[in-house]
Number of protein chains: 2
Amino acid sequence: MSPRTPKPADDAALEGGRRRATINDIARIAGVSKKTVSRVINRSPSLRPETREKIEAVIAKYGYAPDPQARGLAFRRSFLIGLIYDNPNPQYVVNMQLGLLDGMRGSGFELVVHPCDRGSTTLVPDIRAFIERQKLFGVVLTPSVSEDEGVAAMLREIGCEYVRVASVAVDEASHSIVTQDRHGGLLAGRHLAELGHKAVGFISGPLTFRSSHERRGGLEEGLAEHGLTLAAEYVAEGAYTFESGLEGAAKLLGLPNRPTAIFAGNDEMAAGVLHAARRAGLSVPEDLSVVGFDDFQIASRVWPPLTTVRSPTREIGRLASEKLLSQAGEDKRDPADRLPSLVARESTAAPRG
Amino acid sequence: MSPRTPKPADDAALEGGRRRATINDIARIAGVSKKTVSRVINRSPSLRPETREKIEAVIAKYGYAPDPQARGLAFRRSFLIGLIYDNPNPQYVVNMQLGLLDGMRGSGFELVVHPCDRGSTTLVPDIRAFIERQKLFGVVLTPSVSEDEGVAAMLREIGCEYVRVASVAVDEASHSIVTQDRHGGLLAGRHLAELGHKAVGFISGPLTFRSSHERRGGLEEGLAEHGLTLAAEYVAEGAYTFESGLEGAAKLLGLPNRPTAIFAGNDEMAAGVLHAARRAGLSVPEDLSVVGFDDFQIASRVWPPLTTVRSPTREIGRLASEKLLSQAGEDKRDPADRLPSLVARESTAAPRG
DNA sequence: GCCTCGATTGACACCGGTGTCGGACGGGAT
DNA sequence: ATCCCGTCCGACACCGGTGTCAATCGAGGC
């Protein structure tokens, strides 16, 4: 074999589609310099329209697409976006990924995933290494890592683009997507109050999660609309897990004056409440109404199907990646927040009597 | 600002950690050519040990890590591996991702995800574009795309490394990981037969999925061990969805001689069976035993908690990425298959009488 | 008709690695 | 001492793009 495949000879391979076109091919065929082709790729304004069109025609003819690696090398950053998450709920993760991909479609960016552990002592350096290793363009953070100020500070320091998804605005608007969890809580509270419940219990997520406070705050707002309040003894701290829902419900249902309805901070815990109710011999919704949060698949698989608050996770993901890409020059309009909505199923009803 | 930051002047930035070391820095400091540093990075054998050690010392001192983009540009491939899937079950996807990441840890590779639609007419070109866009090193395919021969042929044609995860060996050993679904089915069949069930029903996944046939075949094997057979009218075709489980169970339970136990092809459908049983006024497990497959979270959230077959998805994922990386020169031993196991919970019991 | 100036375009170096090939060096055979 | 050969290493081009800066060009002002 000759030392190197001679360059001028492989035009045949190009024509036959056996070789991908490079910027050099396009430049040679269009009769311009590669820098000018580069200008077309990067939408440089200082280009005569006829030059641009001539080059675009050649690009289209050969189906040329610039090599992200070479481009990235010159730009000193890659065309990759990272999803950094510590939420253990599979459906949340998958919906978020789908949403992010929705917003990235056709942009030439790819999504790389990075689960992490918020509690790890090496959280910040780990994430930093992840970003610097592949020189990520930017990252999307979801709760609860998104609430970590140490991580955010590091991102600003190394100049990595980022968007934080959280239940409240934790950063300036260009860096945050808010999920309006408070509104979701309000819908739950209003729903239960309208059904006539006076004694409403709440099982929160971990108090280190902003969403726990938002969902509770919303619930209280919804109850307040009907002149009700959330009694302190009707509140249990959970951990967004099935088991913690079970325990929280056991505690609330063991109260001398047990609540007639329980709002669980998410569907997983609501499923735990259903199990606890069954063990306590209570039927849902006759003896106890239950409301969840998320509207993940589990909500319609348990018995009875859960009344729950739907959080538009996939939509949120799409907004997040669009916001991130708008920092890359892709012009996406900055859209309005998406509000959660209530999905009424069979786990809620008016209290007895 | 001067036209370009002068090169020799920024050693201070290097020392201060404000600039990442490049191969040029290491070469200059170690007093060798960059090609020799490259030889160290790539474990070239023709290097005097003392030279290697000298360079390795400098690399360690400055925490140098080669730039994957530059390396990829020269190698004509990236250090990314893709996960291509069309399985809609979130927990499967997440577990698979976690497993893949387990096997990739410390390798310098990253995981990029690509959901797809097996039914799409542009499936093959879409996947091809995904691979060529970022010049992926390799991909992992999971059911049911992993069973598509058109996709596999394309991968071979473009020379992309790949591993296919499937319930049976669909390719040569170096390209496939088998999940031994038949064994899982056998465990379910054996379990039900041992409990004394004679009339066992089966709700399969789509017949276009290999796993549907494997799980059924295994069930029949397990029953056969006890002299039982699976009657044709006791088999319903489902679609691995909750709704199809509901429908399949409605059909089987409407039979004049209804089965006393149902093995559903996955947990989602088993949840559907539970709902159908409740609507039919049957209690589980007293009137009807139910077995699922997967052991995803839902299995322990429904009532009663499902007896099911656990498939070691995360472990499978780890094996898949290790197999893929072994083709990249990372020496991972080729490990044994992981077998599914039975998790007995409360949805199965001996039949009445 | 000549000069000035902004708009276009190209030449060249560079991003940070790897492939090719040849040169320097040292030991054993002649 | 000379020759041969294998080992080890470096010079240089190249991967496919972008940044910098200078050159070219046509139009408008004198």
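Below, each value reflects all heavy atoms present in this structure, side chains not excepted, and no hydrogens, waters or symmetry copies. Reminder, nothing fancy here: chain letters follow the sequence lines and each chain counts from 1.
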Once side-chain contact (heavy atoms from CB on, under 4.5 Å) is applied, do any residues pair with B:V58, and if so which ones, sequence neighbours excluded?
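Scan of B:V58 (side-chain contact (heavy atoms from CB on, under 4.5 Å), adjacent residues dropped) gives B:I26, B:I29, B:A30, B:Y62.
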So, using side-chain contact (heavy atoms from CB on, under 4.5 Å) as the criterion, who are the partners of A:T313 when residues are at least two apart?
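Once residues adjacent in sequence are excluded, the partners of A:T313 under the side-chain contact (heavy atoms from CB on, under 4.5 Å) criterion are A:Y92, A:N95, A:M96, A:F296, A:S311.
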Please walk me through it: do B:D86 and B:S144 pass side-chain hydrogen bond (donor to acceptor under 3.5 Å, both in side chains)?
CA-CA 7 Å; B:D86 63 337; B:S144 71; 2.9 Å; yes
To the nearest 10 degrees, what angle separates the axes at the start and end of the helix from C:dG1-D:dC30 to C:dT30-D:dA1, five pairs each?
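Both end axes considered, the difference amounts to 60°.
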Distance-only donor-acceptor test, B:K34 side-chain atoms vs C:dG17 base atoms, 3.5 Å:
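Yes.
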Has the side chain of A:K35 got a donor or acceptor that lies under 3.5 Å from a partner of the other kind on the base of D:dG19?
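Under the 3.5 Å cut-off, the side chain and the base do form a donor-acceptor pair.
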Sequence neighbours excluded - salt bridge (charged side-chain N to carboxylate O under 4.0 Å, His left out) pairs with any residue from residues 109-127 of chain B:
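Applying salt bridge (charged side-chain N to carboxylate O under 4.0 Å, His left out) to every pair that reaches into residues 109-127 of chain B, excluding sequence neighbours, yields A:R133-B:E110, B:R118-B:D148.
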Write out all pairs satisfying salt bridge (charged side-chain N to carboxylate O under 4.0 Å, His left out) with one or both partners inside residues 51-73 of chain B, taking only residues at least two apart or from two chains.
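For residues 51-73 of chain B, and leaving out neighbouring residues, the salt bridge (charged side-chain N to carboxylate O under 4.0 Å, His left out) pairs sorted by first residue read A:K135-B:D67.
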Whole-Å distance between [N] [atom2] and [X] [atom1]?
X	N	atom1	atom2	answer
B:I26	C:dG17	CD1	P	9 Å
B:D25	C:dC14	CG	P	15 Å
B:R77	D:dC15	CZ	C1'	14 Å
A:I23	C:dC15	CD1	P	18 Å
A:K135	C:dG17	NZ	C1'	10 Å
A:R28	C:dG10	CZ	P	15 Å
B:Q69	D:dC15	CD	C1'	13 Å
A:Q134	C:dG16	CD	C1'	14 Å

Which protein N or O atoms sit under 3.5 Å from an N or O of nucleotides 4-9 of chain C?
unit_1 : atom_1 : unit_2 : atom_2 : d
C:dT9  : OP1    : A:T51  : OG1    : 2.4
C:dT9  : OP2    : A:R48  : N      : 3.0

Of all residues at least two apart in sequence or in a different chain, which pass the ring pair (Phe, Tyr, Trp, His ring centres under 6.0 Å) check with [X]?
X	answer
A:Y64	none
B:Y85	none
B:F79	B:F109

I'd like to know if A:K323 and A:E161 make a salt bridge, using a cut-off of under 4.0 Å between side-chain N and carboxylate O.
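Looking at A:E161 together with A:K323, the answer is no, because their closest N to O distance does not fall below 4.0 Å.
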Which nucleotide in D:dT18, D:dC15, C:dG16 has an atom nearest any side-chain atom of B:D67
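Closest nucleotide among those given: C:dG16.
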Choosing from D:dT18, C:dG17, C:dC15, which nucleotide comes nearest the side chain of B:T22?
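Given the options D:dT18, C:dG17, C:dC15, the side chain of B:T22 is closest to C:dG17.
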Between B:A70 and A:A74, which is nearer to the 5' end of DNA chain D once each is assigned its nearest nucleotide?
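This one resolves to B:A70.
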Which is true for B:N24 with a 4.0 Å heavy-atom rule: it touches a base, it touches only sugar-phosphate, or it touches nothing?
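Nothing: the residue B:N24, judged by heavy atoms under 4.0 Å, touches no strand.
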